[in-house]
Each structure stands twice: as C-alpha cells, then as structure tokens.
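Down below is the structure, laid out as structure tokens.
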Amino acid sequence: MKKKVFVAREVFQEVLDFLAPHFEVQANQEDKVLTAEELVGVLADKDGAMTTLTERIDENLLNRCPRLKAVCNIAVGYNNIDLAACSAHGVMATNTPGVLDDTTADFAWALILATARRLNEAEAYVRAGQWDKWKLKQFLGLDVHHAALGIIGLGRIGQVVARRAMGFEMEVLYYDVRQAAPEIESACRATYVPKEELFRKADIVTIHIPYSRETHHSIGAPEIALMKKSAILINAARGGVVDDAALVEALRTGAIAGAGLDVFEGEPAIHPGFRELRNVVLSPHIASSSEKTRFKMAMKAAENLVAALSSGNPPNLLNP
Ligand code: GLV
C-alpha cells in the first residue's frame with residue numbers, strides 16, 4: 001500500500017506529478033491556509049507532509065499525528081517547525097537550502113535600491129498625476145554606489161548580497177555570531193566588525209539571519225538608535241528579527257531615513273504604522289519568488305519527502 005502524504009499549500013502541477021507514483025497524495029491546491037485544528041485533522045492519517053511557513057508543526061500536532069514521519073518545508077527557513085519536538089517524535093524535518101540564495105539576494109538588492117532612491121514614493125507621485133515640473137531637489141535619495149553596506153549574517157544569502165556589492169564599489173562590513181572563514185571574507189571583500197560598529201558605520205544595513213528565540217528582536221530600538229539619520233534598514237530575512245514597533249517609531253521620527261521590508265512580525269498582518277509611512281518600501285514576503293526558484297524549492301521539498309519516506313535519508317535533513 002502506498003504511503004499517504006499531504007501537500008499543505010498550492011504547488012506546481014509538475015510537483016504533484018512527481019509525487020504521484022510514490023504516494024497517495026492529498027493536495028491543498030485551493031491554497032486555503034489551514035487552522036491548527038484543520039491541519040491536525042488532515043495529518044492524523046498521513047505519513048508525510050510538504051509544508052510552508054504558514055503551517056506550524058509543534059508538539060501538540062505531533063502528539064496527535066502519530067503516523068507522521070517526515071515534514072518537508074518548502075523554504076530554507078524553518079522557524080514554523082519545532083525541531084526538538086520533531087526529533088523527540090522521530091519525525092524527519094527538511095528545508096530547501098541552496099536553491100534560493102541568488103534570487104533572495106537579488107530581491108534584497110531590489111529593496112536596497114528602491115528604498116535608497118525612494119522609488120515607491122516617486123512612482124506613486126507620477127501615478128497620481130502630481131508631476132508638474134522637473135525640480136533639482138526632487139526625491140533626493142541616498143547614493144548606493146561607494147556607500148558602506150552592513151550585512152547582518154554572512155551566511156549563504158548574505159554572501160551573495162556581499163558579492164553583488166562589488167559592482168557598486170561599496171565598502172562591505174558584516175556581523176555574524178561567528179566570524180566567517182578568511183576565504184569567504186576575501187571572496188565577499190567583507191570586513192568583520194562588532195554589531196554596534198556595523199550599525200554606527202553602515203549607510204545601508206541588510207539582514208540575512210534566521211528567526212529563532214535568540215534572534216527575536218535582535219534588531220530593536222538600541223540598534224536602530226546607533227544608525228545614521230541618513231541610513232536605511234532592509235529586512236528580507238524573517239519577521240520578528242526586527243522589533244517592528246521600534247522601527248515604525250524610528251521611521252516616523254526620522255531617526256533613520258527609510259526601510260525596505262519583505263517580512264514582518266505576525267505577517268500577513270503588519271504593524272499599521274508601516275502603511276501610513278512613505279519612507280518604507282513594503283512587499284509581501286516574495287524575496288525568493290521567481291518562477292524558476294519557487295519551482296526548484298517545491299521540487300526540492302518533494303525530493304526530500306520521497307527520500308525521507310523511502311530511504312529515511314533525505315538530502316536536506318535538519319535533525320539527523
Ligand atoms: C522563505 O522565506 C524561505 O525561508 O525560504
């Protein structure tokens with residue numbers, strides 16, 4: 001008898017076709033986000049699941065879904081999964097590293113450029129029919145070229161962001177919990193500095209760390225207070241890493257010049273203050289969303305699911 005799996009959110013048809021010979025597949029192609037109770041109901045008789053950051057896999061769910069052996073996240077981040085609880089229940093958890101670094105770094109750069117050059121404000125102005133004459137002092141922005149870029153987290157994505165900075169002839173500073181190997185620093189032309197120094201010196205701070213208990217609000221009022229008034233903050237990593245209330249306050253009072261945000265605490269709800277501000281570029285968690293990359297992510301999760309439930313050895317196992 002085939003094992004049963006659930007694909008928790010809409011995926012490409014090719015991904016379902018790939019799973020079909022291996023499993024009895026139930027797929028949520030209507031793309032409704034299930035409540036915790038609905039998810040338990042669906043997973044109670046399943047051997048495996050493909051999940052996304054909208055599905056919480058925790059102790060409560062695992063207690064009530066005893067057949068579950070594999071949870072394969074369609075994301076590199078996995079803060080929706082309680083890894084310790086998975087290990088305690090003998091459930092394999094996987095993610096999708098390696099396929100989205102370039103695409104996510106590209107989007108961080110889109111936010112950097114849009115925020116620095118106030119593209120959202122300028123676009124809204126033209127669209128609203130307000131453009132009546134050329135002005136010398138119109139939408140004065142921040143130069144990206146030759147600026148100091150401060151990268152929080154020189155992991156896979158942070159490294160790509162750093163390498164892209166060479167084209168803009170920038171000074172690249174980074175902070176991480178561990179200093180990177182010399183070969184990585186030299187390939188990225190990045191200099192390790194203490195966190196406080198990075199916030200003080202950078203013209204652009206861009207965040208590329210995962211969300212965890214340790215990184216919760218690790219960028220809050222004290223860090224933002226160190227930033228230059230002309231500086232901007234970019235977050236294409238995870239909501240909750242930044243204290244959004246503190247950021248709204250800093251943007252409102254002009255303590256910093258702007259922010260570019262793809263992720264939010266409690267998303268898809270966002271702090272209402274962001275919507276009222278013009279000096280913030282907002283996007284709905286789409287940094288990895290190119291056609292090719294989202295396909296690769298979903299396919300990688302499917303490959304992990306097949307490997308987990310056949311060999312017990314998926315390529316991207318998070319809790320060996
Ligand atoms: C997306 O946010 C991911 O973690 O892959």
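Atoms within a ligand are numbered from 1 in the order they appear, just like the ligands themselves.
Under 4.0 Å from ligand 1, the heavy atoms of Leu100 that appear belong solely to its side chain.
For the residue pair Glu265/His271, the side-chain donor-acceptor check at 3.5 Å is not satisfied. Judged purely by distance below 3.5 Å, without hydrogens or angles, the side chains of Glu197 and Tyr175 never pair a donor atom with an acceptor atom. For the residue pair Lys46 / Gln26, a side-chain donor-acceptor distance below 3.5 Å is found, with atom types taken as modelled. Side-chain polar atoms of His89 and Glu59 form a donor-acceptor pair below 3.5 angstrom. Donor-acceptor pairing under 3.5 Å is lacking for the side chains of Gln29 and Gln13.
At least one N or O atom of Gly77, backbone or side chain, sits closer than 3.5 Å to an N or O atom of ligand 1. Ligand 1 has a nitrogen or oxygen under 3.5 angstrom from a nitrogen or oxygen of Arg238. Of the polar atoms of His285, at least one N or O is found under 3.5 Å from an N or O of ligand 1, judged by distance alone.
The protein heavy-atom contact nearest to atom 5 (O) of ligand 1 is Val76 N, 2.8 Å.
Checked by atom type and distance alone, the side chain of Asn235 never pairs as donor or acceptor with a backbone atom of Leu261 at under 3.5 Å.
Applying the 4.0 Å criterion to heavy atoms of Met297 picks out, from ligand 1, the atoms 5 (O). Which parts of ligand 1 touch Ala75 is read off a 4.0 Å heavy-atom cut-off, strictly below it: atoms 3 (C), 4 (O), 5 (O).
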